[in-house]
Amino acid sequence: MTELLPARLYAPLALTAVAALALLIWVLRNGDLCPGQRRRISDGLMSTWAVFGLALMLGVEAGAPRPLLWLGGLALAAGLGAVLFQARLQGKRSLGLSWHYPALGLALLYGLWLGELTGPGWALLAAGCGGCVFAHLIMVRARHRLQAFNLLLPLSGTLFGVLWLLALLVRALGVDETQLQPLVLPFVQVSVAVLAGALVWWLPLLRKEQTKPPVIAVAALLMLGALTLGQGMIWHMAGNIS
């Protein structure tokens with residue numbers, strides 16, 4: 001595992017931000033939200049764009065293709081423009097979703113391109129796991145009242161995380177014994193991070209308590225850590241399997 005941390009973190013972080021952005025805009029479009037909730041969730045889009053911007057900086061460090069980075073830069077500029085323009089609105093007013101659609105379209109195109117480079121299957125599972133937990137964190141911070149999402153997002157995110165873990169295990173079965181040895185410890189670390197993240201994420205539901213942002217933040221860090229370690233394993237196996 002000789003890959004640098006920025007290169008390993010770049011793809012999971014970018015896919016997490018894109019998936020969370022898509023989920024939040026879907027919630028804004030279809031959820032039964034009062035003006036206050038709508039404004040708070042809309043303001044929370046700033047967090048997704050901040051993470052997306054961080055991923056772009058890591059992409060520069062990781063040597064990502066320049067056209068991909070330019071596309072990401074256009075998406076970031078459009079997204080920040082919409083969020084910053086909304087910040088000028090008074091009270092509980094929020095921009096119409098049509099203001100966010102151009103940035104969302106560019107971000108989705110960016111995510112599809114990145115997924116093609118990293119592997120569509122891996123990208124889908126990573127985006128599903130990271131996107132669900134990040135979107136849930138933003139919704140909880142926005143004090144949403146869509147209680148169904150406090151069950152649906154942990155359920156979906158955990159499912160994506162476990163499937164991603166199983167996919168790593170299945171892929172590792174194709175590596176011979178000598179090449180498998182360096183993967184054992186990282187796989188144990190990834191497994192612990194995914195399972196611990198899922199447990200923390202589900203803890204409020206199991207205890208029948210209100211879901212709070214610090215709990216989801218811990219779950220998000222654990223899941224993102226697992227995705228980062230797993231990205232290194234994927235690259236290692238790709239280099240050893242024809």
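As the structure is a computational prediction, the values presented were derived from the model and not from experiment.
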Review point. Are F187 and L229 close enough, and set up right, to give a side-chain contact (heavy atoms from CB on, under 4.5 Å), and what steps lead you there?
Key: CA-CA 8 Å; F187 183 77; L229 289 169; over 6 Å; no

Point to revise | Closest non-hydrogen atom pair between L146 and L33, with its separation | key: CD1-CD2, 3.6 Å

Review point. Looking only at heavy atoms, what is the nearest atom pair of G131 and A19, with distance?
Key: CA-CB, 3.7 Å

Exercise for review: Measure the CG-CG distance between L76 and L71 for me, rounded to the nearest 0.5 Å.
Suggested key: 11.5 Å

Exercise for review: Evaluate the side-chain proximity of S42 to L28: yes if any heavy-atom separation is below 4.5 Å, no if none is.
Suggested key: yes

Review point. Are the side chains of V215 and E209 in touch, meaning some heavy atoms are under 4.5 Å apart?
Key: no

Review point. Would you call L224 and F134 a side-chain contact if the rule is heavy atoms closer than 4.5 Å?
Key: no

Study note, to complete from the structure: ring-ring contact (aromatic ring centres under 6.0 Å, His included) filter on Y110, not counting sequence neighbours, yields F52

Check your understanding: Is T16 close to M223 at the side-chain level, that is, under 4.5 Å between some pair of heavy atoms?
Key -> no

Exercise for review: Assess whether side-chain contact (heavy atoms from CB on, under 4.5 Å) is satisfied between W164 and L227, documenting all intermediate values.
Suggested key: CA-CA 9 Å; W164 185 80; L227 295 174; 3.7 Å; yes

Check your understanding: Is there side-chain contact between M46 and L84, with at least one heavy-atom pair below 4.5 Å?
Key -> yes

Review point. Does W26 belong to the same Ile/Leu/Val/Met/Phe/Trp/Tyr cluster as V83, with side-chain heavy atoms less than 4.5 Å apart forming each link?
Key: yes

**Study point:** Residue pair V218, L222: steps toward the side-chain contact (heavy atoms from CB on, under 4.5 Å) verdict
**Key:** CA-CA 6 Å; V218 172; L222 287 168; 4.1 Å; yes

Exercise for review: Locate the shortest heavy-atom distance separating G230 from V190; write the atom from each residue and the value.
Suggested key: N-CG2, 3.7 Å

Point to revise | Pairwise distance CG(L169) to CE(M233) - rounded to 0.5 angstrom | key: 8.5 Å

Point to revise | V162-L125 co-clustered via ILVMFWY side chain contacts under 4.5 Å | key: no

Practice item. With side-chain contact (heavy atoms from CB on, under 4.5 Å) as the test, would you mind laying out the steps for L23 and C132 before giving the verdict? Key: CA-CA 8 Å; L23 282 170; C132 284; 4.3 Å; yes

Exercise for review: Could you tell me whether a side-chain N or O of R39 sits under 3.5 Å from a main-chain N or O of Q86, the two making a donor and an acceptor?
Suggested key: yes

Check your understanding: How long is the span from the CG atom in D43 to the CG atom in L89, to the nearest 0.5 Å?
Key -> 9.5 Å

Point to revise | Spacing of CG belonging to L112 relative to CG belonging to L15, to within rounding of 0.5 Å | key: 9.5 Å

Exercise for review: Taking all heavy atoms of A11 and all of Q231, pick out the closest pair and write down the distance.
Suggested key: CB-OE1, 4.2 Å

Review point. Is L24 linked to L108 within one hydrophobic cluster, defined over Ile, Leu, Val, Met, Phe, Trp and Tyr using a side-chain heavy-atom separation of less than 4.5 Å?
Key: yes

**Study point:** From T211 atom OG1 to H144 atom NE2, the distance as rounded to the nearest 0.5 Å
**Key:** 7.0 Å

Review point. Do other residues, nucleotides or ligands put more than 12 heavy atoms under 6.0 Å from N30 CG?
Key: yes

Review point. If two hydrophobic side chains count as joined below 4.5 Å and joins carry through other members, does L153 share a cluster with L195?
Key: no

Check your understanding: Looking at side-chain heavy atoms only, is the closest gap between N150 and V140 below 4.5 Å?
Key -> yes

Point to revise | Donor-acceptor contact present, side-chain R143 to main-chain Q37, <3.5 Å | key: no

Check your understanding: If two hydrophobic side chains count as joined below 4.5 Å and joins carry through other members, does M57 share a cluster with Y10?
Key -> yes

Point to revise | Shortest non-hydrogen contact from A22 toward L104 | key: CA-CD1, 3.9 Å

Exercise for review: Check P65 against L117 and note the closest heavy-atom contact, atom names and distance.
Suggested key: CG-CD1, 4.0 Å

**Study point:** No-hydrogen, no-angle side-chain donor-acceptor test under 3.5 Å, T158 and W202
**Key:** yes

Revision key, fill the gap. When rounded to the nearest 0.5 Å, the distance separating CD1 of I25 from OH of Y101 is 7.5 Å

Check your understanding: Got L69 and L56 here, is their nearest side-chain heavy-atom distance under 4.5 Å?
Key -> yes

Check your understanding: Tell me, do H136 and P154 make a side-chain contact under 4.5 Å, heavy atoms counted?
Key -> yes

